[in-house]
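A short worksheet on the structure shown next.
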Amino acid sequence: MTSGVKEHLVVVGNGMAGARTVEEILERGGGERFRITMFGDEPYGNYNRIMLSHVLAGEASPDDLGEIYLNPLDWYAENDITLHSGVRVVRVDRFAKKVFGNDGTIEAYDKLIVATGSRTYFPPMDGMWVDDKTLTPGVFGFRTLDDTTAMLDYAAESRTAVVIGAGLLGLEAAYGLMQHGHEVHVVQAGPVLMNQQLDEEAGGILRTVLERTGMHVHTGKRTTGLRAAGGGVSAVVFKDGTSLDCDMVVVTAGIRPNVGLAVISGLTVERAIVTDDQMCSVDDPDIYAVGECAQHRGEVYGLVAPLWEQAVVLAEHLTGTNPKAAYHGSRIATKLKVAGVDVASMGVKGPERADDEFVRFAEPKRGVYKSVVIRDGKLIGAMLLGDTKKVAFLTQSFDRGLPLPEERVGMLFELGGPSEEQGAAEMDDSVQVCNCNGVAKGDLVACVRAGEHSVAGCMNATRAGKGCGACTPLVRDIVEWAVAESGGEVGVDESASWYVPAIPMDKPTLIAAIREQNLRSVSAVLAALAPEGEDAGAKMPLTSLLRVVWNGEFVNENDARFINDRVHANIQRDGTFSVVPQIKGGITTAAELRRIADVADKYSVPMIKITGGQRIDLLGVRKEDLPGVWADLDMPSGYAYGKSFRTVKSCVGTDYCRFGLGDSTTLAVRLEQTYQGLESPAKMKLAVAGCPRNCSEALVKDVGVVAVGDDRWDLVIGGAAGASVRRGDVLATVTGHDEVVRLAGVFMQYYRENGKWLERTYDFVPRVGLDELKAILVADRDGIVGGLEERMQAAVDAYRDPWQDGPEPSGPGQFANNLPLVPLPIVPVGRAPDGSLQASSAGRGPSAGGVFEGAQA
Amino acid sequence: MTTSEITGHAVAPSDELPPGGARAFAVGDRMVAVFRLRSGELRAVDAVCPHSGGPLADGQFDAKKVICPLHSHTFSLADGTCLNGDRAVRTYPVREEAGKIVVTAP
């Protein structure tokens with residue numbers, strides 16, 4: 001190109017594809033390189049066709065069409081674009097490189113873009129046309145602004161409308177006309193509504209929903225002709241001989257690419273103009289095609305998203321900003337609202353091969369249908385009707401081929417927790433994401449905008465995901481989305497694999513280093529392995545790890561333990577503690593209950609609660625009272641405060657239950673006796689059920705045991721019924737209590753050695769994989785089970801009841817009250833004889849001053 | 001307020017706070033949490049987490065920060081700023097004198 005002389009770019013077509021391509025070109029500095037001329041056969045600037053449905057439905061006023069214009073006429077002038085509006089290009093002379101308009105305009109071009117789009121397809125039928133160019137009055141396509149305004153004018157004088165073709169456009173037209181009070185009949189030749197997007201079942205549900213709104217739906221009706229009377233259409237006639245009276249007809253039976261110009265200009269046209277990966281015609285290196293008139297790798301797209309992708313590729317190619325720009329086709333995922341109903345679809349509609357997975361859910365009464373198609377672990381198709389909450393997740397999985405949840409139903413529904421109820425993009429900024437720490441989406445977005453581009457960084461700064469952790473996937477989604485929105489890249493988080501902050505090692509490496517260097521205290525570990533010095537956030541997980549590595553044989557430093565582990569009780573919101581004595585298997589005695597009652601009286605315990613773990617919780621105990629409470633209880637700790645083995649629930653099993661198949665209580669007591677208090681990456685809750693009725697909820701425990709008869713037991717792992725809900729997986733079915741206890745121990749030791757800090761079994765089991773766990777722990781593929789058993793036995797042997805700390809505190813001030821001077825919350829404790837609630841508050845006060853308010857009498 | 005009201009308070013014998021130890025003390029009409037770092041140095045900040053009243057002396061800490069045990073709000077031990085961008089705590093001069101820990105506060 002000679003400098004100073006611009007090439008002439010001519011664009012035939014001023015629709016969404018043509019104008020978008022020009023916008024993309026201008027954005028890439030194409031205005032410097034090209035002089036641009038556009039032809040549009042509609043006498044307007046460029047407008048948003050998708051909005052026509054809203055115009056028809058009266059949701060956007062036809063008088064106020066400003067909103068519908070993407071680029072008003074001024075825009076062309078501002079960008080030095082010559083626009084021939086209302087001019088149709090009738091011929092391209094490829095050899096002279098000129099285009100000819102129907103008004104005599106001739107423009108020479110250096111590069112030519114054909115973006116002629118498509119038009120309404122009017123199926124051949126009697127009575128449709130008055131002459132070659134004129135439709136029978138009352139018959140309309142639904143494609144252009146002129147179509148829409150003409151329909152609105154005519155609708156004012158008509159009552160009954162027939163819409164031929166029940167695709168997206170047809171239903172939009174029907175819905176729009178119903179808003180004008182019309183009786184509307186939708187006629188579909190095939191059996192299914194929206195058959196491009198929906199399968200038969202979903203189409204049936206949509207039909208029910210639409211009929212409920214008063215729309216008349218006729219399927220399997222082929223329209224063969226129209227009848228006219230009094231100068232306008234008066235009925236449609238069907239192949240079966242029946243007819244339907246009407247005074248208006250809208251034809252939405254499909255679209256056809258506008259390829260006449262291309263054909264007479266000698267371009268290769270199959271279903272549309274054939275292009276290569278740069279959207280260049282295969283016949284002429286200076287002629288390109290984009291949008292609905294282009295055929296790429298055999299596909300012709302009729303939706304806006306692929307068109308935008310094509311426009312970007314073509315702009316990058318023409319401006320030279322990306323010499324490698326290439327279009328590889330689009331994966332079609334649509335989310336739309338048709339006639340007031342949410343519909344989303346992507347990929348294939350149903351299984352195509354024998355081993356494709358097909359998961360479906362239908363609730364016709366509520367108008368909800370969902371299905372997914374999975375091949376080789378990847379989502380290849382999905383359909384959502386009536387409830388599109390999961391569309392963001394599914395679209396991501398579909399576009400990026402992400403790994404899918406093992407429980408496929410999780411792709412259709414949210415199984416507990418706030419995660420992904422809505423996609424990250426659609427959520428309002430005010431929506432609370434992390435309920436534990438009260439972090440809203442907006443807080444995360446603000447954090448990203450402030451420059452923090454790593455997931456871990458945002459989590460640290462906002463504390464999102466630092467509570468129960470159930471929201472972490474959603475937090476990750478939001479941060480990734482916000483970073484992408486800001487045009488950045490998600491920071492590579494090299495610390496993600498570290499077991500703790502400050503020490504750049506994963507867990508196995510860290511364990512090896514601790515063993516090798518014989519590090520026996522948290523301060524020693526940090527001194528030896530943390531390059532930047534200690535970090536408070538590393539101390540608690542390191543204490544846990546040292547206990548796993550050395551069992552009892554390490555120096556337990558108070559500052560390296562979380563407050564709960566320092567005082568062996570669970571800190572409450574008001575700074576008091578909850579005390580839960582061990583009640584193995586949930587089985588207690590009258591003597592124990594009496595002692596608990598006496599303790600509650602003596603220490604004025606404000607609340608006594610039966611817990612979900614079949615134990616008794618004494619709430620509101622003051623820190624300095626803890627040693628006294630333990631001594632008087634004379635029961636071991638129930639570990640209701642630690643990242644550790646907590647409790648084993650049981651049902652009454654064969655002792656009393658007439659359905660019991662196995663002795664669940666004895667087994668539960670034995671499991672709890674054996675593994676009590678074991679430190680672990682996160683808490684472990686267990687249960688034993690004496691029959692598959694599962695009264696002790698063993699299927700949703702970290703480790704659950706279910707009797708199946710003949711002293712055979714299912715060992716279930718990775719269940720959860722908290723912030724996340726997950727049914728556990730059966731690791732193995734084993735015979736006898738001994739084998740249950742052994743295998744449960746093997747699993748728990750493997751988890752202790754390999755689980756990430758705070759990673760519950762419900763994340764750990766899917767992460768490692770059930771088959772892998774079976775191979776390692778049941779089949780002993782790697783020959784490590786013996787070692788796991790040995791190390792577990794050593795841990796069991798090292799057990800010591802922490803409540804024995806009472807008589808010999810582990811340091812000065814272990815039980816000193818550090819409570820703030822704030823008024824206590826009022827805790828209801830019971831009903832007085834007159835039925836009124838009594839309230840109580842525990843005393844609290846500064847420690848050194850020795851001033852304690854007594855609990856109220 | 002007059003300058004004479006800035007005074008040192010001996011809150012505890014030095015050996016009540018071993019390295020890694022922390023306690024809350026009443027200093028005048030305030031509650032102050034005193035921390036003994038692993039290095040042996042002392043730090044003092046408000047004892048009460050401004051977020052929801054958590055006892056900071058019961059939190060885990062290192063040479064630079066303390067984490068509230070209730071909701072993990074984190075505060076700089078150097079200047080009291082909240083590292084999560086929330087309200088800060090006050091810091092207080094603290095020293096050892098004749099075997100006692102002395103906190104200076106208004």
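So you know, we letter chains A, B, ... as the sequences are listed, proteins then strands, and number each from 1.
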Next on the checklist: Would B/Y92 and B/R43 count as a side chain to side chain donor-acceptor pair (under 3.5 Å) here? Give the steps.
Outcome noted: CA-CA 8 Å; B/Y92 302 89; B/R43 296 283 184 275; over 6 Å; no
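The residue among B/P69, B/G59, B/G21, B/S72 with the most heavy atom pairs within less than 4.5 Å of chain A is B/P69. Interface remark: of the candidates A/C447, A/S523, A/G537, A/S523 forms the most heavy-atom pairs closer than 4.5 Å to chain B. When each of B/R38, B/K65, B/H51, B/K64 is checked for heavy-atom pairs under 4.5 Å with chain A, B/R38 comes out on top.
With respect to A/E557 and A/K539, no salt bridge is recorded, no charged nitrogen being found less than 4.0 Å from a carboxylate O.
No side-chain heavy atom of A/R573 sits less than 4.5 Å from a side-chain heavy atom of B/H71.
For the side-chain hydrogen bond (donor to acceptor under 3.5 Å, both in side chains) with B/S14, the qualifying choice from B/R36, B/K100, B/E97, B/E96 is B/E96, the only one to do so.
At a 4.5 Å heavy-atom cutoff, A/N564 makes no contact with chain B through either its backbone or its side chain. Heavy-atom distances place no part of A/A538 under 4.5 Å from chain B, backbone and side chain included.
Here A/L545 contributes atom CG and A/W757 contributes atom CH2; the two are 9.5 Å apart, rounded to the nearest 0.5 Å.
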